[in-house]
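What follows is a set of notes on a single structure, which appears directly below.
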Number of protein chains: 2
Amino acid sequence: MLNERATANELSQGAAGLATSGFCAEIGVTACRRLAETAQIETVPADKVLWHDDAPQTAVGIVLTGYLRFQRYSREGRRQILNLTVPGDLFGQETEGRAGYTLEAATEVRLCRFDRRSFDRLVADDGTLRRALYRFNAGRLERLRWLTWTIGALRPEERIVAFLLNARGFLPYRPLPDGAGLISLSVGRRDIADLLATSVETICRVFKALERDGLIRLLDASHILFLDLDALAERAGLPHAAAPEDPADPMTLVNAARGGEPLVSILPAWRGRRPD
Amino acid sequence: MLNERATANELSQGAAGLATSGFCAEIGVTACRRLAETAQIETVPADKVLWHDDAPQTAVGIVLTGYLRFQRYSREGRRQILNLTVPGDLFGQETEGRAGYTLEAATEVRLCRFDRRSFDRLVADDGTLRRALYRFNAGRLERLRWLTWTIGALRPEERIVAFLLNARGFLPYRPLPDGAGLISLSVGRRDIADLLATSVETICRVFKALERDGLIRLLDASHILFLDLDALAERAGLPHAAAPEDPADPMTLVNAARGGEPLVSILPAWRGRRPD
DNA sequence: CGTGGTCTTGACAGACGTCAATAAGGGTGG
DNA sequence: CCACCCTTATTGACGTCTGTCAAGACCACG
């Protein structure tokens, strides 16, 4: 694990890597600078537990790259992921987890930690930060609503397709000139399954079915080529073709920040191939 | 529909009817008094639409009695209820509903409306109110987490039982001396089904099964006698018997306020009966 | 080149949603 | 006060979706 003292410069480097609607971009320059004083960049491996209910950690920070899962188990071992913390998101700010929630790294994660005490003090002082926090929480609620609605009102296949579509907002994604797009599923099947309340097997089957129908193309286990976005939206049971990028999608509201994966590298290798 | 100008007195009457953890109790006397100036008590019938996405209503207020449902439909007509607004809850404060949400009365509802403009101004002025708002939103998030987890990680039967148990926190409920309890399901089966992402038929079957096993007793369609709370908790797949009233249950955090139904009236009629 | 983990595929069973018919209330008007 | 009707709840029968189990393929890593 990599620990280092973050200079203000490094932090703003990190912040610069985040897209415009990341939390960092909202809080204003002054707050950002004051936070930087206690910030430290850290890299944690996948599956590391950052926080669970009986360990009142002082973990507050922002995810720079990678993904965290906020989850809870049922007694019979079924797991439900309540939130995917994506690059640009604040994490650990919630004190209210009295139930058995845990916060874990879903992938290797680079994050920027703040001293809890300083953070709280800063929140008390800085109205801009407080307002940003408020807006962030509103976004978090909206995201959870999307998830709940998806799980509750859509069938597994629809869920999975809907997830693929709005994953464009927070997973490494690159639109291609011909209307297609390439996405990188950097989180594992298991996590996707437990987010969408389905099974990894069903995910596989749906993926293959979509490929058979020519809507997507599976390059490898973690790279999918979207061939027909409209047909996908149709299949997801969405009102209409979800707008490619900009609005309407609650998930993208908070996270325009992407994973920062070198998505280009895999592209050339597959570029010329016919869809045979 | 009943419209009247609320005097400060009437409002505090209404507020007095709310239990301690209702939103009203949190905002402090001054804010409460200033709100009362523009408040008006109103009674709306069941199924009345209070708000939907393309009608940017100025509806802000507090539910005094009855229940609101905050919901969204899928294209195929499946509905998911995202939140039950219970007595003591603030409603309408969320501006962020760009998706096709609607807010409707699930039962006949008595509510206390505020002028949106005054309310917003008051929020800007009063720090206490703002903090209460923040806490309220945190509670709302926690409630939604509970729902999501319940839908995602529990099977239909478990969901239904879990719902029954924590409905003690927000539906008319009266604990009985012998450890039993009487609850009034003032919201219809359909709404419960769409909240828990299941069907009314399944709810019926589960109820009957629970009655066969002696865990509950169905007095009539909307009144249930809890006979064995521990066994119910077990059946719900909960870690242990959920505490009767006070803590641990996210749903009760925000709403200790109950429905205010004359629950006593039905009681004597069934009291002496053997469980045959 | 083994080994463990994740992903994929197939076979299978059962839970639960859907459809349809009946029962039970609750309200309204004669 | 009864008859009627319409909504909601209940019960039964049925089919299928999808989760589970088990085996195999595919990587990535050591």
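Residue numbers begin at 1 in each chain, while the letters A, B, ... track the order of the sequences. What you see is a predicted model, and the numbers here were worked out from it, not measured in a lab.
- Judged by distance alone, the side chain of A/Tyr67 and the main-chain N or O of A/Phe170 form a donor-acceptor pair under 3.5 Å.
- C/dG17 atom P lies 8 Å from atom CD1 of B/Ile160, rounded to whole Å.
- In this structure, the nucleotide among C/dC16, D/dG19, C/dC7 sitting nearest to the side chain of A/Ser199 is D/dG19.
- With salt bridges taken as basic N to acidic carboxylate O contacts below 4.0 Å, none links B/Arg69 and B/Asp194.
- Look at CZ on B/Phe207: it is 11 Å from C1' on D/dA9, rounded to the nearest Å.
- Contact of the A/Asp191 side chain with the A/Arg79 side chain is registered, since non-hydrogen atoms from C-beta on lie closer than 4.5 Å.
- Contact check, A/Arg190 against C/dT8: no side-chain N or O comes under 4.0 Å of OP1 or OP2.
- Contacts of A/Arg159 with the nucleic acid, taken as non-hydrogen atoms under 4.0 Å apart, are absent.
- In this structure, A/Asp220 places its CG atom 10 Å from C1' of D/dC27, rounding to the nearest Å.
- Put simply, CD on A/Glu157 is 12 Å from P on D/dG19, counting in whole angstrom units.
- Side-chain atoms of B/Lys208 lie closest to D/dT11 of the nucleotides C/dC7, D/dA9, D/dT11.
- Between B/Thr198 and C/dC16, a side-chain N or O to OP1/OP2 separation shorter than 4.0 Å is absent.
- If you check every strand for non-hydrogen atoms under 4.0 Å, A/Glu201 touches a base.
- Spacing between atom CG of A/Asp47 and atom P of C/dG5 amounts to 11 Å, rounded to whole angstrom units.
- At whole-Å resolution of the value, CG in A/Leu219 and P in C/dC7 are 16 Å apart.
- Of the candidates A/Ile81, A/Val86, A/Thr85, A/Thr85 is the only one forming a side chain to side chain contact (heavy atoms under 4.5 Å, CB included) with A/Asn83.
- With rounding to whole Å, B/Arg189 atom CZ is found 19 Å from C/dA23 atom P.
- C/dG17 atom C1' lies 15 Å from atom CG of B/Leu196, rounded to whole Å.
- The residues B/Glu76 and B/Arg78 are annotated as salt-bridged, a charged nitrogen and a carboxylate oxygen being separated by less than 4.0 angstrom.
- Between C/dG17 and B/Thr202, a contact under 4.0 Å exists linking OP1 or OP2 to a side-chain N or O.
- Contacts of B/Arg205 with the nucleic acid, taken as non-hydrogen atoms under 4.0 Å apart, include base atoms.
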